[in-house]
Undergrad: 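The structure follows.
So that the names make sense, note that chain A is the first sequence line, chain B the second, and so on, each numbered from 1. This one's a predicted model, so the numbers in the text were calculated from it and none came from an experiment.
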Number of protein chains: 2
Amino acid sequence: MATGKQAVSMKAIAEQAGVSVMTVSRVLTGKGSASAKTTALIKGIAKDLKYRPNRLVRGIQTGRTGMVGVILPADLGYYKNLLVGAHDYFAAKDCGVITSLVQGNMGEEAITDELGKLHRLVDLRADGVILRPVNEEASSAYFEELIERAIPMVVVDRRLSDYKCDFVGTDDYLGGQMAAEHMLRREPKRVLVCSASEVLRTSFERVRGFRDGLKESGVEVVEHAFGRFYSSESDMKKVLKEQGRLDGIFCVGDLLAIRCLRILEQMRVSVPGDVGVIGFGNLGLPGDYGARLTTFEQNPHEVGRQAAKLLYSRIGQKGKSPVKQQLIVPTLVDMGTC
Amino acid sequence: MATGKQAVSMKAIAEQAGVSVMTVSRVLTGKGSASAKTTALIKGIAKDLKYRPNRLVRGIQTGRTGMVGVILPADLGYYKNLLVGAHDYFAAKDCGVITSLVQGNMGEEAITDELGKLHRLVDLRADGVILRPVNEEASSAYFEELIERAIPMVVVDRRLSDYKCDFVGTDDYLGGQMAAEHMLRREPKRVLVCSASEVLRTSFERVRGFRDGLKESGVEVVEHAFGRFYSSESDMKKVLKEQGRLDGIFCVGDLLAIRCLRILEQMRVSVPGDVGVIGFGNLGLPGDYGARLTTFEQNPHEVGRQAAKLLYSRIGQKGKSPVKQQLIVPTLVDMGTC
DNA sequence: TTGTAAGCGTTATCAT
DNA sequence: ATGATAACGCTTACAA
């Protein structure tokens with residue numbers, strides 16, 4: 001310690017009260033017993049001295065620091081409410097949340113950054129970690145420091161492909177099914193699915209759910225896979241023109257759906273009169289058309305809350321238990337485009 | 001420690017290397033000297049054992065935990081980027097950020113919550129705190145635990161009325177002046193100021209800046225004070241009708257400005273043809289008209305960065321130094337309504 | 001260059 | 001109900 005007067009410690013209280021440090025500890029933590037008299041005395045002195053327990057020391061001693069780490073992309077966007085959801089839960093558990101923001105979405109640099117944040121959390125002896133992974137291909141070697149110390153981790157929003165661990169995210173399959181159900185009310189004959197790519201799990205699951213939801217309806221389903229959750233105007237125009245008559249369109253992302261709406265407007269096709277359009281709330285920040293798009297709102301707040309809850313349950317849980325997958329149901333927001 | 005194998009400590013490395021703990025400490029922290037041979041040996045073993053320093057202990061020992069607290073309102077909104085800005089700075093300084101979100105904007109409950117979060121940060125021995133206060137009237141007694149321990153605090157966005165301390169926020173006065181300057185290009189004869197209330201510092205400062213900016217222009221300035229940063233449609237309509245001929249309107253908040261635009265449209269007054277309208281980016285989330293409103297964007301990211309920078313400079317600064325006020329210049333966003 | 005001893009503020013453990 | 005002592009993992013201060 002550099003300079004200045006020492007911060008008040010249990011020792012100081014003990015001296016003033018004429019008891020041992022242990023008695024102070026017992027009174028102040030509420031664990032163990034003490035006479036009513038000493039209890040009152042000690043509590044009084046603690047208040048007078050503005051005593052505050054040193055959680056660092058307590059953490060060293062008990063193995064629980066009461067801090068958890070949350071690692072998210074630096075451009076918070078969609079994850080803002082996830083963070084808030086996690087906070088909501090942890091606040092109730094008197095857990096401090098160390099937020100770490102990772103620059104970039106992929107690439108070596110982002111991975112290095114992510115790993116650095118993980119290390120910092122280990123160094124601070126966080127009780128657990130919530131991670132939205134940048135490095136989706138990370139193997140268990142990547143997480144060795146966490147594993148070594150049995151620090152529980154819950155992954156959110158994006159699944160890790162190589163490393164099995166607890167996960168909380170949107171139920172994309174169910175969302176797809178719900179989209180199908182909603183679409184069926186139009187009694188369509190032929191519908192188009194605008195997907196991203198089979199290798200993108202969210203897209204794949206949404207499509208799978210949608211197809212399964214239509215399975216016994218006899219509706220004809222055609223699909224066009226744009227490589228990403230986005231399409232240029234010309235690509236979309238080409239696709240829609242080629243497809244000919246359609247009664248409905250399900251896009252696995254809002255950006256695709258908004259593009260659809262624009263093109264359909266150009267083509268003088270009425271929505272939802274001629275064609276119904278459903279998007280999926282990939283970004284949650286729709287543009288001009290977005291506000292009126294029938295889509296699925298993901299519930300990042302709930303994802304955050306559930307991730308926190310799951311993580312908390314893992315903390316202090318002795319051995320290993322089977323991996324859990326908590327899937328949060330998206331909400332259909334009917335804005336009349338389908 | 002409850003169960004399981006002990007985490008690897010310097011002691012473990014020391015034993016394996018056949019040296020003392022101090023040598024390990026010196027090598028791993030880079031402070032002090034050691035022979036090239038032992039250095040290599042120790043570093044090798046540390047890596048093999050996946051050693052990670054215990055920052056808690058280091059914090060206890062050195063008085064610097066490398067953690068700072070950031071306390072913001074629970075509905076992050078505008079503060080999202082402030083948080084990101086603070087992170088950007090602290091990440092570079094290898095500082096962990098403990099985020100605390102306070103429920104509610106005023107009232108006893110929120111204050112209790114805020115104080116609780118402050119206490120938790122003290123308990124975790126944060127090196128410093130950035131606070132967007134809920135409790136603006138808080139006196140120094142409110143912050144006694146921080147003061148007692150000489151934990152530096154920087155207040156952002158809202159000033160504390162009773163307690164002098166470092167502050168970083170938007171330069172409202174300058175914003176007002178800039179609005180005036182912009183307005184003058186229209187060569188107006190008569191302008192209306194839609195203010196909130198004199199007791200709201202941000203409103204007051206914006207108006208003061210605006211008036212000062214027009215001082216020598218000879219422009220006639222009339223002012224209507226709505227109690228808040230908001231007006232009902234009927235109130236605004238009444239005011240605009242009563243005022244008669246106007247060349248420009250400066251609203252201290254975007255919500256007021258958007259209301260203005262709507263009423264003017266109803267009144268068939270062209271903007272910016274007949275009247276120029278300037279708002280102030282109170283919320284940053286403009287509605288339909290907002291996207292086209294000439295207004296001031298506050299720079300929460302920069303506020304966060306500067307607050308972090310200021311706080312960091314205070315950390316480890318020995319005695320007390322004069323209070324600093326860092327004012328961030330808002331950006332004029334000309335969307336053509338003035 | 002390296003080591004020893006003491007201490008940081010608390011809890012765990014075993015007494016009394 | 002209370003206390004003494006060790007331990008947690010590291011750094012500071014002082015030797016050698």
Side-chain angles (χ1 to χ4, degrees), chain A residues 1-43 46 49-66 122-125 127 148-149 316, chain B residues 1-43 46 49-66 122-125 127 148-149 316:
Chain A
M1 191 68 63
T3 50
K5 56 189 168 195
Q6 298 294 327
V8 293
S9 63
M10 286 190 177
K11 193 174 161 192
I13 297 172
E15 277 165 9
Q16 199 168 322
V19 296
S20 76
V21 176
M22 266 319 293
T23 303
V24 176
S25 172
R26 276 188 279 253
V27 168
L28 260 27
T29 58
K31 301 186 192 303
S33 48
S35 75
K37 209 202 291 183
T38 32
T39 301
L41 177 65
I42 289 171
K43 282 188 174 169
L49 262 41
K50 306 192 215 324
Y51 171 77
R52 286 269 109 208
N54 189 327
R55 280 245 193 163
L56 303 179
V57 175
R58 196 172 280 181
I60 294 170
Q61 215 56 25
T62 62
R64 294 267 301 249
T65 54
V122 172
D123 296 357
L124 291 170
R125 298 301 187 266
D127 291 334
E148 185 87 357
R149 289 168 180 75
Chain B
M1 193 67 61
T3 51
K5 56 188 171 197
Q6 298 294 327
V8 295
S9 61
M10 285 190 176
K11 193 176 163 193
I13 297 172
E15 276 165 10
Q16 200 168 320
V19 297
S20 75
V21 176
M22 263 320 293
T23 304
V24 177
S25 172
R26 275 189 279 253
V27 168
L28 260 28
T29 58
K31 303 187 191 302
S33 50
S35 76
K37 209 203 292 184
T38 32
T39 300
L41 177 65
I42 288 172
K43 282 189 173 168
L49 263 40
K50 306 190 215 325
Y51 172 77
R52 286 268 109 209
N54 189 327
R55 278 243 186 163
L56 302 179
V57 175
R58 199 171 275 181
I60 294 170
Q61 214 55 28
T62 61
R64 294 267 301 248
T65 55
V122 172
D123 296 356
L124 290 170
R125 297 301 187 264
D127 291 336
E148 185 88 355
R149 288 168 180 75

Undergrad: Please identify each residue that fulfils side-chain hydrogen bond (donor to acceptor under 3.5 Å, both in side chains) with A:Thr39, with sequence neighbours left out.
TA: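 Applying side-chain hydrogen bond (donor to acceptor under 3.5 Å, both in side chains) to A:Thr39 gives none.
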Undergrad: Please list, in numerical order, the residues of residues 9-20 of chain B that have a heavy atom closer than 4.0 Å to any atom of DNA chain D.
TA: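 B:Ser9, B:Met10, in order of number.
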Undergrad: Does B:Arg52 have any side-chain hydrogen bond (donor to acceptor under 3.5 Å, both in side chains) partners at least two apart in sequence or in another chain, and if so, which?
TA: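 Partners of B:Arg52 by the side-chain hydrogen bond (donor to acceptor under 3.5 Å, both in side chains) criterion, ordered by chain and then number, come out as A:Asp123.
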Undergrad: Could you give the CG-to-P distance, from B:Leu41 to C:dT1, as a whole number of Å?
TA: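 In whole Å, C:dT1 P lies 16 Å from B:Leu41 CG.
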Undergrad: Can you name the side-chain hydrogen bond (donor to acceptor under 3.5 Å, both in side chains) partners of B:Arg58, sequence neighbours left out?
TA: none
Undergrad: Report, one pair per line, the protein and nucleotides 5-7 of chain D atoms (nitrogen or oxygen only) whose separation is under 3.5 Å.
TA:
residue	atom	partner	partner atom	Å
D:dA7	N3	A:Gln61	NE2	3.2

Undergrad: What is the distance, to the nearest angstrom, from the CD1 atom on B:Ile42 to the P atom on C:dT1?
TA: 13 Å
Undergrad: Using five base pairs at each end, measure the axis-to-axis angle across the helix from C:dT1-D:dA16 to C:dT16-D:dA1 and round it to 10 degrees.
TA: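 Answer rounded to 10°: the end axes differ by 30°.
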Undergrad: Is the phosphate of C:dT2, meaning OP1 or OP2, less than 4.0 Å from a side-chain N or O of B:Ser33?
TA: no
Undergrad: What is the distance, to the nearest angstrom, from the CG atom on A:Leu56 to the P atom on D:dT11?
TA: 14 Å
Undergrad: Tell me whether the side-chain N/O atoms of B:Ser35 come closer than 4.0 Å to OP1 or OP2 in C:dT1.
TA: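 Checking C:dT1 against B:Ser35, no side-chain N or O comes under 4.0 Å of OP1 or OP2.
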Undergrad: Can you list everything that forms a side-chain hydrogen bond (donor to acceptor under 3.5 Å, both in side chains) with A:Arg149? Sequence neighbours excluded, please.
TA: none
Undergrad: Between the side chain of B:Thr65 and the main-chain N/O of B:Gly59, is any donor-acceptor distance below 3.5 Å?
TA: no
Undergrad: In residues 13-22 of chain A, what donor-acceptor pairs under 3.5 Å come from side-chain atoms, sequence neighbours left out?
TA:
residue	atom	partner	partner atom	Å
A:Ser20	OG	A:Met22	N	3.4
A:Ser20	OG	A:Thr23	N	3.4
A:Ser20	OG	A:Thr23	OG1	3.3

Undergrad: Mind calculating the distance between CZ (B:Arg58) and P (D:dC8) to the nearest angstrom?
TA: 19 Å
Undergrad: Rounding to a whole Å, what distance do you find between B:Asp123:CG and C:dG9:C1'?
TA: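 Distance check: B:Asp123 CG to C:dG9 C1' gives 13 Å.
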Undergrad: Near DNA chain C, which residues from residues 24-32 of chain B have a heavy atom under 4.0 Å away?
TA: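 Output list: B:Arg26.
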Undergrad: Rounded to whole Å, please give me the gap between OH in A:Tyr51 and P in C:dG9.
TA: 10 Å
Undergrad: Within the structure, does a side-chain N or O atom of B:Thr62 lie under 4.0 Å from either OP1 or OP2 of D:dT11?
TA: no
Undergrad: Could you state the CD1-P distance from A:Ile60 to D:dC8, rounded to the nearest angstrom?
TA: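 It is 11 Å, rounded to the nearest whole Å.
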Undergrad: So which one's nearest nucleotide on DNA chain C is more toward 5', B:Thr39 or B:Val57?
TA: B:Thr39
Undergrad: Who pairs with A:Lys11 by salt bridge (charged side-chain N to carboxylate O under 4.0 Å, His left out), at least two apart in sequence or on another chain?
TA: none
Undergrad: Quick one: A:Asn54 CG to C:dC8 C1', roughly how many Å, whole number?
TA: 9 Å
